[in-house]
Amino acid sequence: MVASEVHPFAKTGGLADVLGALPRALVKLGHHVDVVMPKYRTVSAGQPIGQITVTLGGQVDVADVSAVIDRGVRVVFITHPAYFERDYLYGIASRDYPDNPERFAFLSKAALTWAASTGHAYDVVHAHDWQAGLVPLLARRTVPEWQTNPPATVFTIHNLAYQGVFDASWLPRLGLGWDLMRIDALEYWSRISFLKGGIVFSGIITTVSPRYAQEIQTAELGFGFDGILASRSADLVGILNGIDYDQWDPERDVNLPVPFSASKMAGKAAAKRRVLEAFGLTGTTDIRRRPLVAMISRMVDQKGFDLLDQLSEALPALNASFVLLGSGEPRYEERWKQLAERHPNRVGVKIGFDDELAHVIEGGADMFLMPSRFEPCGLNQMYSLRYGTVPIVHATGGLFDTVHDVDRGTGRGTGFTFVEHSPVALLGALGRALEMFENRPGWRRIQRAGMREDFSWDASAREYVKVYERAISANRVGA
Ligand code: ADP
């Protein structure tokens with residue numbers, strides 16, 4: 001695998017979590033996985049395992065390669081101090097480093113050069129996001145050993161919003177020919193896109209939920225890539241991310257005051273008291289009885305904060321309390337702080353990032369609200385299900401795939417979903433949840449149904465193995 005971030009070595013988002021967990025799950029299934037990433041400043045060197053010579057355009061570099069074995073997975077670091085010894089991974093604040101095309105083309109080429117040098121007969125090269133987008137193309141073009149018999153290639157889109165779009169004048173500087181400036185190659189509106197390279201040249205493309213795989217082929221959620229993705233529809237597969245049950249399991253979560261399980265739920269009430277205290281919602285005994293609706297989120301439009309803004313009068317009027325842990329756009333932080341000031345017995349807000357508190361909230365809340373506009377996979381709804389915290393979600397992407405709307409007639413389901421992304425629809429789902437909360441046996445059944453769901457990496461890794469097998473047989477046919 002080739003990626004720009006891998007937990008626990010470097011992380012800015014969910015990509016790193018997947019790279020930290022998926023290779024390990026594959027190793028458990030008996031496969032051999034090497035993961036290649038840059039040696040950033042934050043990464044300690046590992047064991048030296050060799051040197052490689054990498055040619056990029058007119059430039060020839062000799063790079064040190066080192067590695068560590070992390071829980072059965074070999075993680076290989078490519079050293080290039082001028083490219084990777086920096087304060088941040090991709091840029092400062094929202095300004096990307098101007099040489100990012102060169103940095104990540106180098107990573108891709110170095111990873112392949114190293115892989116070819118090992119003499120190991122890799123069946124598959126799996127590249128992730130735009131930073132490794134050139135890998136499928138370069139695997140065929142630039143590794144002499146692989147020109148007749150290249151490994152199969154798989155490319156995963158973790159976030160379609162980042163597309164690695166650069167000026168076409170980069171082509172010669174990256175040692176790439178102008179023949180790639182075509183609509184069926186790297187060209188994207190007169191520029192080049194690394195993401196497009198990954199999509200066009202890989203054997204199979206995956207993304208992080210089945211629903212999102214469909215949605216990104218539509219104009220609404222395709223971010224300009226819907227046409228390109230639709231043209232590869234037959235080779236586009238959605239596989240849900242797993243969650244790490246070593247971290248997120250109420251039976252062994254050290255952050256909870258009292259652990260709990262589907263058959264022994266008393267600990268959930270203890271966690272609820274802890275959450276209410278943490279947010280200062282301690283005024284009246286009524287508060288403890290009222291349903292507690294939680295959010296843990298980046299405070300941005302993607303997560304539905306524009307929608308929530310339109311509900312600042314309606315939410316506090318409901319028979320519920322709300323707690324929010326998050327940070328993000330200053331205007332949203334400000335509005336939520338004001339809301340908490342206006343309704344000190346109804347709304348609690350903490351601006352910041354607090355992993356420990358996030359665990360207690362998942363344990364103690366009755367409901368979890370995720371009104372995301374789009375959501376490639378989403379993790380918190382899966383944590384919530386595990387903790388008997390009933391999710392209320394916009395039926396999009398991974399949220400659609402993981403939360404089953406409670407049926408009015410039978411009462412079966414694991415959460416409450418709304419289809420139209422509107423304040424009225426959100427209130428409708430929330431209203432149904434609040435009503436059901438009063439029906440204790442009905443509510444327990446929904447909680448138990450969610451707690452029984454399996455979102456382990458093991459299941460997802462098996463899906464990836466199927467994709468690898470498909471990519472390998474397609475590769476044989478194509479060769
Ligand atoms: P995204 O990656 O788009 O932000 P996800 O739901 O996939 O959304 O994952 C977000 C992860 O970050 C979850 O594990 C969530 O608990 C965590 N998280 C987000 N904001 C906070 C916060 N303020 N404090 C603690 N954890 C947070």
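Both counts, for ligands and for their atoms, begin at 1 and track the order of listing. Count residues from 1 along the sequence.
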Consider every N or O of [X] and every N or O of ligand 1, then say whether any pair is closer than 3.5 Å.
{"X": "N380", "value": "yes"}
{"X": "S327", "value": "no"}
{"X": "K303", "value": "yes"}
{"X": "A358", "value": "no"}

Taking [atom] as the reference point, the nearest protein heavy atom with its distance:
{"atom": "atom 4 (O) of ligand 1", "result": "R298 NE, 2.8 Å"}
{"atom": "atom 7 (O) of ligand 1", "result": "L379 N, 3.4 Å"}
{"atom": "atom 14 (O) of ligand 1", "result": "Y383 CE1, 3.3 Å"}
{"atom": "atom 22 (C) of ligand 1", "result": "F353 CD1, 3.4 Å"}
{"atom": "atom 23 (N) of ligand 1", "result": "G352 O, 2.7 Å"}

OH of Y162: more than 12 outside heavy atoms within 6.0 angstrom?
-> no
G326 touching ligand 1 at heavy-atom level, < 4.0 angstrom = yes
Please confirm whether G398 comes under 4.0 Å of ligand 1, counting heavy atoms of the residue only.
-> no
Aromatic ring centroids of F201 and F155 under 6.0 Å?
-> no
Verdict with supporting geometry, H126 and Y464, side-chain contact (heavy atoms from CB on, under 4.5 Å) = CA-CA 10 Å; H126 184 172; Y464 276 101; 3.7 Å; yes
Side chains of E453 and T414: donor-acceptor distance under 3.5 Å anywhere?
-> no
Are D253 and D249 close enough that some pair of their side-chain heavy atoms sits under 4.5 Å apart?
-> no
Is it the side chain, the backbone, both or neither of D354 that has a heavy atom closer than 4.0 Å to ligand 1?
-> backbone
Aromatic rings W130 and F104: how do their planes relate, parallel, tilted or perpendicular, breaks at 30° and 60°?
-> perpendicular
Before accepting this row, confirm whether a basic side-chain N of the pair D301/R373 lies closer than 4.0 Å to the acidic partner's carboxylate O.
-> no
Would you call R290-D366 a salt bridge at under 4.0 Å N-O?
-> no
